[in-house]
Amino acid sequence: MPLTHTGDLFAKALKGKYALGAFNVNNMELLQAIVEACEEEKAPVILQISKGARQYANPVYLKKLIEAAISVTNIPIAVHLDHGDSFELCKQCIDEGFTSVMIDGSHLPFAKNVEVCRQVVQYAHKHNCVVEGELGQLVGAQHDDGEEGGGYSKGGVYTHPDEAVDFVKQTGVDSLAVAIGNSHGAYKFKGEQHLNLERLKAIKKALMDAGLGDYPLVLHGASSVPRDITREINQFGGKLGEDTAGVPEADIEVARRTGCTKVNIDTDLRLAMTAAIRKVLAENPKEFDPRKYLAPARQKVKDLVRHKVRNVLCCSGHAFD
Ligand code: G3H
Ligand code: 13P
Ligand code: ZN
């Protein structure tokens, strides 16, 4: 089966009211785990590749690994550039056949963000590729400096609904990543903080009211940082802080129902892989065959992906809609 276009996956997900998992791929075991879990769940999937993944694994290896995955499975698979940081990188990925790219200009002033997104959209749309933009800032995004302090700052700025409308209209991006208190990594919140789901609803409504229809939103930083996994890492020699925190799965559920069509998960895969490897090595200190720790690591990632697509994103069973 060839790659499936990201645009087709989005259209079906919007219609079916489920979310697509966008899982980061850095090596063969992660890829196998994601694809095997989605195949068993009959779930469509977006494999996403960051600039760092390309540097780590070499774009050619990643491309060939994904080709291998496509040839051994029949589920729909799209390939997406995660956090593209320049027109040149986006162009490279489009030329390599990615079905979507993200151009992340969220750290730039609004007009500059618009400018670079328009440039990518223009090229992408000529080459059968769709584009994700981002507005607002995720960094340390547990508070909204945009409203408190006015203007942009390093503290994180929620996406403003009216600006989201202007941004989508001016750039022509096909989906929009929003900042609603989400952030990357394993230390997302302090205390009782969580996503601002009211802001998410307001953004979705503003886009709808502006005539942009059921416009697809993207949730970055959607790992839930499971306690049992962080505990296991520490039980077997890790030193993660006591204050690890992720997005509660109940929040993701609301985000899905509110219109987050693409949900990005990377950290949870890293944690699952690390926990399994630490456990094998701690319990078998004489072991040195990588297959002996990478196989359980792959299995743990697979179990996690299966749980996400079945119970959180609700895209199980939708591969052949
Ligand atoms: O959002 C970032 C993703 O988790 C990718 O991370 O740039 O370390 O590959 P990375
Ligand atoms: P997490 O760090 O929460 O997994 O987020 C991943 C992400 O947003 C990739 O773009
Ligand atoms: Zn991200």
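Since we're looking at a predicted model, the values are computed, not measured. Indexing begins at 1, ligand by ligand and atom by atom, following the structure's order.
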Trainee: Looking at atom 7 (C) of ligand 2, what's its closest protein heavy atom, distance included?
Mentor: H184 CD2, 3.4 Å

Trainee: Nearest protein heavy atom to atom 3 (O) of ligand 2, by residue and atom, and its distance?
Mentor: K188 NZ, 2.6 Å

Trainee: I'd like to know if E96 pairs up with K63 as an ion pair, taking the criterion as any Lys NZ or Arg NE/NH1/NH2 lying under 4.0 Å from an Asp or Glu carboxylate oxygen.
Mentor: no

Trainee: Nearest non-hydrogen contact with atom 2 (O) of ligand 2 belongs to which option: V225, T267, L269, V218?
Mentor: T267

Trainee: Just which atoms of ligand 1 are under 4.0 Å from any heavy atom in H83?
Mentor: 1 (O), 2 (C)

Trainee: When you check the gap from the basic side-chain N to the acidic O, do E253 and R256 get nearer than 4.0 Å?
Mentor: yes

Trainee: Starting from atom 9 (C) of ligand 2, what is the nearest protein heavy atom, named by residue and atom, and what distance separates them?
Mentor: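 Atom 9 (C) of ligand 2 sits closest to the protein heavy atom D82 OD2, 3.2 Å.
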
Trainee: Can you list the ligand 2 atoms lying under 4.0 Å from a non-hydrogen atom of H83?
Mentor: 10 (O)

Trainee: If you measure every N or O of N26 against every N or O of ligand 1, does any of those distances drop under 3.5 Å?
Mentor: no

Trainee: Find all atoms of ligand 2 within a distance of less than 4.0 Å from any non-hydrogen atom belonging to A222, and give their numbers and elements.
Mentor: 3 (O), 5 (O)

Trainee: For S50 and ligand 1, does the shortest N/O to N/O distance drop below 3.5 Å?
Mentor: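 N/O-N/O distance under 3.5 Å: yes.
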
Trainee: Taking non-hydrogen atoms only, is D82 closer than 4.0 angstrom to ligand 1 via side chain, backbone, both or neither?
Mentor: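 Near ligand 1, D82 shows its side chain, while the N, CA, C and O stay back.
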
Trainee: Is there a polar contact, in the sense of an N or O pair closer than 3.5 Å, between I265 and ligand 2?
Mentor: no

Trainee: Any heavy atom of Q48 sitting closer than 4.0 Å to ligand 2?
Mentor: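 Right, Q48 reaches ligand 2.
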
Trainee: Please tell me whether S223 and D266 have a donor and an acceptor in their side chains that are separated by less than 3.5 angstrom.
Mentor: no

Trainee: Is any side-chain heavy atom of Y61 less than 4.5 Å from a side-chain heavy atom of M28?
Mentor: no

Trainee: If you count every heavy atom of other residues, nucleotides or ligands that lies below 6.0 Å from E283 atom CD, does the total exceed 12?
Mentor: yes

Trainee: For atom 8 (O) of ligand 2, what is the nearest protein heavy atom, given as residue, atom name and distance?
Mentor: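 Of the protein heavy atoms, G221 N, 2.8 Å lies nearest.
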
Trainee: Just checking K300: does its NZ atom have more than 12 heavy atoms from other residues, nucleotides or ligands closer to it than 6.0 angstrom?
Mentor: yes

Trainee: Flag the pair D268 and K308 as a salt bridge only when some basic side-chain nitrogen lies within less than 4.0 angstrom of an acidic carboxylate oxygen.
Mentor: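 Yes, this pair counts.
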
Trainee: Return the orientation label for the H83 and H220 ring planes: parallel under 30°, perpendicular over 60°, tilted otherwise.
Mentor: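 The arrangement is perpendicular - the two ring planes meet at more than 60°.
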
Trainee: Judging by distance only, is a nitrogen or oxygen of H220 under 3.5 angstrom from one on ligand 2?
Mentor: yes

Trainee: Is K12 salt-bridged to D8, going by a charged N under 4.0 Å from an acidic O?
Mentor: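 Salt bridge absent between K12 and D8.
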
Trainee: For E36, is there an ion pair with K302 - N to carboxylate O distance below 4.0 angstrom?
Mentor: yes

Trainee: Checking a contact table here: which protein heavy atom is nearest atom 3 (C) of ligand 1, and how many Å away?
Mentor: D266 OD2, 3.3 Å

Trainee: Counting N and O atoms only, with roles assigned by atom type, does the side chain of R54 sit under 3.5 Å from a partner on the main chain of I49, one being a donor and the other an acceptor?
Mentor: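 Checking the backbone N and O of I49 against the side chain of R54, no donor-acceptor pair under 3.5 Å is found.
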
Trainee: In terms of residue, atom name and distance, what is the protein heavy atom nearest to atom 8 (O) of ligand 1?
Mentor: R270 NH2, 3.0 Å

Trainee: Give yes or no for whether the N/O distance cutoff of 3.5 Å, strictly under, is met between D268 and ligand 2.
Mentor: no

Trainee: Is there a nitrogen or oxygen of H220 sitting under 3.5 Å from a nitrogen or oxygen of ligand 1?
Mentor: no

Trainee: Which bit of N24 gets closer than 4.0 Å to ligand 1, counting heavy atoms only: side chain, backbone, both or neither?
Mentor: side chain

Trainee: For the CG atom of N234 and the OG1 atom of T244, what is their distance to the nearest 0.5 Å?
Mentor: 8.0 Å

